[in-house]
K.L.:
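Next up is a structure, given as C-alpha cells.
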Amino acid sequence: MKFGTKMMIAFTVMLALAFGIGGSVLISASTGNYLNQLQEAAASSHRLILFTLSAVSEATQTGEQSGEYEDFVNALSRLDAHGEHNWLALRLSHEDGRIIYTSREAGLFGNNPAEQILGERVVFYDIYLDNVSGEQFAMLTFRTTQGSYFLQLAGQFQFGASALFLESVYDLSPVFSARQEQQRIYRQLFVVLIALGAALSWLLSFWMTSPLRRLSRITRTIASGDLSCRATSIGSDEIGILAVDFNNMTDKLENNINEMKDTMKRQEEFMGSFAHELKTPLTSIIGYADLLRGHSLPDADKQDAANYIFMEGRRLEVLSLKLLDLIVLKKRDFTFLPISIAQIIGDAVRLVRPVLAKRNIEISANCDGSTCKIEPDLFMSLILNIIDNARKAIDEAGEIKITAKSEGGHCEIKIADNGRGIPEDELYKIKDAFYRVDKSRARSQGGVGLGLRLCDEIASLHGGELTFESELNVGTTVTIKLKAETADA
C-alpha cells in the first residue's frame, strides 16, 4: 500500500472518530438538557397542583364524611379540563388504595402505585425533588410498549389523619422523537462529511507526498545514468532537508564517478601516449641494431651505435615512469635542470637522422646558446614528437628545419617542415586527444592522435606554450615558447 493511501486512511479514520464521538456527545447533551427542562417544568406543574390540593385540604377539613373528597374532585376536574395544562393524566388516591379521581388516559400510570414510587424514592436524569411544601415528591420515567416515553410524578399531602397521593403523567416522546430525527440527520451528514473528508484527505496526502514522488522520479533518472539531475528546493521541512541531503549525496556521487572516468581517461591516454613514445626510441634501437648486425663497422662506430642503443633503452625506461606520473597521477613536481637547448635538440637530431635518411628527409638545426630549465626526458619527448609529426607530413625528399633563439627573456624553438600542411579550420582541433588530421595516413603510420596532446601537456608543465602555423601544400611551423635562463648570442 502506498504511503499516500495510508495517510488518506489515517486522516479519514481520525475524522470519522472525531465526528462520531463529537456528534454523539452533542446530541446526548442536547437531549439531556431538553429532558431536564421538561422535568423541571413538569415538577413545577406538579408542585402547583399539590399546593392547590393542600390549600383545598386546609379549607375543608370536614373529617371522614361521605362528601369529603368532592372538593378535590372538583378542583382536579377544573384543572384537568383547562386547555393550557401540559400533563396527560392526573390521579388522586387514598393511602388505602382507593382511587378518588382519575382523569383521561388513566392507563398511562403503570403498575406502580404512588406510595411505592415515593417509598423507593425513584430519581432519573439526576433530578430529585423532595420536601415540596413539606410533602414528599418523586419522579419516575417509563416507556410504553408503543415506543412512547412518559414521565410520571408522584407527591403526597395530608388530609386530616389520612395521606393522599397525587400522580401526574407527562409526555416525553417529542424529546426522543427529536433525538431520533437528529440522529437520522446526523448519520446522513456523517456520511457526506466522511466522503468529503476522504476526498480532502486524498488531496492533502497527494499534495504532501508530491515532493517524494518528484524525488523518486529524480532517483530513477539518476539511476538511468543522468547524474546532472537534481531535486528542486521544496521548503525547509523534513522532506526539504531530505532533498538537500539527496542533492549533496548526488553531487558527491557525480564527483566520484567523474573522478573515476577521468582516471580511466588518463589511463587510456597514458597507454596511448606510452605506445606512441615507444615508436621513436624503438625505431632508433632497431636501426642501430640493424646497422651493427648487417655492416662491418669500425670499432668507434660500433661503440657509438651501442651507446645510442643503451641510451635509448634507458631513456625509454625512465620516460615510461615519467609519463605515468604526468598523465595518470597528474604529478607536477618534476626536477627541472638548466640545460642548453642546442644540446638537447642536437641529441634529438642525431637520434632521428637515420630514420629520416631512409625517406630522403633532410633535418638541420640552428640554435643559439639559450639555456632553459627543463625536464630532460619529457622535453626530449616533446621535440621528438614534433619531429615525428613533421616526418609523417612529408611524403618524400622533404626538409625539416629547427631554429632556437632567445629574445626578450624567452626562448623560441621553431620546428618547420615543407609537408602537406594543415587546413585552417582544423588547426584549433589538433591538440585534442585522439584527433588526427589525416586519419587514413595516421592509421597506416601507427598514429593514435595523442602526440600533440602530450606535447601540449609537456609544454604547459614547463610554463610554456605551443603554437601552430600552417598552409596547405606549403608546410607547418610549430613554435615552442619557454622562459630562458640565460641567452648567450
Side-chain angles (χ1 to χ4, degrees), residues 34-125 127-146 148-175:
Y34 192 20
L35 281 174
N36 289 338
Q37 293 175 4
L38 289 180
Q39 287 175 337
E40 291 175 0
S44 298
S45 178
H46 197 82
R47 186 184 300 116
L48 179 61
I49 300 173
L50 279 177
F51 179 76
T52 302
L53 295 180
S54 298
V56 172
S57 174
E58 291 176 1
T60 52
Q61 295 295 327
T62 59
E64 299 291 335
Q65 297 178 2
S66 58
E68 57 188 340
Y69 301 118
E70 185 176 352
D71 291 334
F72 294 118
V73 173
N74 292 334
L76 292 174
S77 297
R78 287 194 297 270
L79 290 174
D80 199 25
H82 197 275
E84 296 181 359
H85 61 80
N86 55 355
W87 61 80
L88 292 178
L90 295 173
R91 182 169 71 180
L92 181 64
S93 59
H94 195 272
E95 61 183 359
D96 59 6
R98 288 180 298 155
I99 303 300
I100 300 173
Y101 175 80
T102 300
S103 68
R104 64 189 187 280
E105 305 292 343
L108 296 176
F109 287 100
N111 299 322
N112 292 332
E115 185 176 5
Q116 182 180 349
I117 294 174
L118 295 173
E120 295 177 356
R121 306 174 68 84
V122 180
V123 180
F124 283 83
Y125 294 101
I127 295 180
Y128 176 73
L129 301 176
D130 199 7
N131 297 324
V132 179
S133 301
E135 305 296 342
Q136 290 183 329
F137 189 83
M139 289 187 179
L140 171 68
T141 57
F142 61 96
R143 179 181 178 185
T144 66
T145 56
Q146 288 78 21
S148 300
Y149 292 85
F150 300 97
L151 175 65
Q152 184 178 356
L153 292 85
Q156 176 184 338
F157 66 95
Q158 290 296 124
F159 180 61
S162 302
L164 300 182
F165 299 98
L166 175 66
E167 298 169 84
S168 60
V169 175
Y170 297 84
D171 188 11
L172 298 181
S173 297
V175 178

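Computed from heavy atoms alone, side chains included, the values below leave out hydrogens, waters and symmetry copies. Source: prediction; values computed, not measured.
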K.L.:
F165 and E95: which non-hydrogen atoms are nearest, and at how many Å?
P.N.:
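Where F165 meets E95 most closely, the heavy atoms are CE1-CA, 3.6 Å.
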
K.L.:
State, to 0.1 Å, how close S57 and F159 come at their nearest heavy-atom pair, and which atoms those are.
P.N.:
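Minimum heavy-atom contact is OG-CD1, 3.0 Å.
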
K.L.:
Nearest heavy-atom pair of A41 and N86: which atoms, and what distance?
P.N.:
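It is O-ND2, 4.4 Å.
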
K.L.:
Considering non-hydrogen atoms only, spot the tightest contact between L153 and A43 and give its length.
P.N.:
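So the minimum-distance heavy-atom pair works out to CD2-CA, 3.7 Å.
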
K.L.:
Calculate, to the nearest 0.5 Å, the distance between atoms CD1 and CZ belonging to I99 and R91 respectively.
P.N.:
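So the gap between those two atoms works out to 5.0 Å.
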
K.L.:
Just so I know, are the side chains of V175 and Y149 near enough to count as touching, which here means a heavy-atom distance under 4.5 Å?
P.N.:
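No, every pair of side-chain atoms sits at 4.5 Å or beyond.
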
K.L.:
For S93 versus E167, what's the shortest heavy-atom pair and its separation?
P.N.:
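S93 and E167 have their closest heavy atoms at OG-OE2, 4.3 Å.
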
K.L.:
Please tell me if the side chains of L76 and T52 come closer than 4.5 Å, counting only heavy atoms from C-beta onward.
P.N.:
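SC-SC contact between L76 and T52 ruled out.
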
K.L.:
What distance separates F157 CZ from S162 OG, expressed to the nearest 0.5 Å?
P.N.:
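OG of S162 is found 10.5 Å from CZ of F157.
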
K.L.:
Less than 4.5 Å apart, side chain to side chain, heavy atoms only: is that true for L79 and I49?
P.N.:
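L79 vs I49: side chains touch.
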
K.L.:
Taking atom CG of L151 and atom OG of S168, what is their separation to the nearest 0.5 Å?
P.N.:
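Result: 7.5 Å between the selected atoms.
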
K.L.:
Distance from L164 atom CG to R98 atom CZ, nearest 0.5 Å?
P.N.:
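L164 atom CG to R98 atom CZ measures 9.0 Å (nearest 0.5 Å).
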
K.L.:
What's the shortest heavy-atom distance between G155 and H46, and which atoms?
P.N.:
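That closest heavy-atom pairing would be N-NE2, 3.5 Å.
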
K.L.:
Where does the angle between the aromatic ring planes of W87 and Y170 fall among parallel (under 30°), tilted (30 to 60°) and perpendicular (over 60°)?
P.N.:
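Ring orientation, 0 to 90° scale: perpendicular.
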
